[in-house]
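What's counted below: heavy atoms across the whole structure, side chains too, no hydrogens, waters or symmetry copies. When a ligand or atom number is given, it counts from 1 through the structure's own listing order.
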Amino acid sequence: MKKKYDLHAPYQPDSFKFKNKKTVEEIIARYPKGCQQSAVMPLLDLVQREVAVDGAKLSPPVGGWVPRAAMDHIAEVLEMPPMKVYEVASFYSMYNMEPVGKYLLQVCTTTPCWLCGSNGVMKAIQDTIGLSHNYETTRDGYFTLLEVECLGACANAPMVQINDDFYEDLSYDRMVEIIKALQKDEIPPKGPQNGRLNAMAANGPTSLEEQAKKAGIEAA
Ligand code: FES
């Protein structure tokens, strides 16, 4: 899906400077001399996290995203053309290039999640907070919806990634509960939402049973 962004939009700040300069130095030092440009991805990630921390204090709140001024600053720090930084940021889906809500709901709707009920998850989001289109954000700044392809948790389908965390084995009702908790800034426990352990069968171990027994793992 094509990412939505506008480098000249009015919401773009005029300037950006890293708050955590020590982390910037540590990241750059991970790469051999002359290859510092390799730090572009972790620095973009750092931008997004710093913007999210500041954005959480705003009213309405704003989630993590990468402003153009930050990309220009990275280009300056790494001595590379700004266009190269724009290319990386616009290519990878984990970088948000326009402001998003405090909680970014990335709903997987690829086949396994779809077969297991991602339509119900999407409906729960629409019924509870009225979001149905990609990059749509609630007026209170709390939520942005994004429909995504497989996030690699198909054994626990259907699932949603909320900011950094996976919420799996979802149902319509559980998704509604999660949204209501987040509206109060209560973070529900991540992982499977139906009580099972990780991706184990709901009725307990069905293979490596001896080892599971030794580890004290039983049916949920
Ligand atoms: S299909 Fe949804 S995580 Fe793989």
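- Side-chain contact of D72 with Y86: a donor-acceptor pair under 3.5 Å is present, judged by distance alone.
- Q48 contributes a side-chain N or O that, together with a main-chain N or O of M94, makes up a donor-acceptor pair within less than 3.5 Å.
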**Request:** Start with the C-alpha gap between R196 and N156, add the side-chain angles, then the distance that decides, and say whether side-chain contact (heavy atoms from CB on, under 4.5 Å) holds.
**Result:** CA-CA 10 Å; R196 69 164 154 163; N156 293 70; 3.6 Å; yes
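- For the side-chain hydrogen bond (donor to acceptor under 3.5 Å, both in side chains) with Q193, the qualifying choice from E168, R174, E177 is R174, the only one to do so.
- Only one option out of C154, P158, S171 pairs with C116 in a side chain to side chain contact (heavy atoms under 4.5 Å, CB included); it is P158.
- Protein-derived N/O/S atoms nearer than 2.8 Å to atom 4 (Fe) of ligand 1 total 2, waters excluded.
- The aromatic rings of W65 and Y11 stand perpendicular to each other, their planes meeting at an angle above 60°, with 30° marking the opposite boundary.
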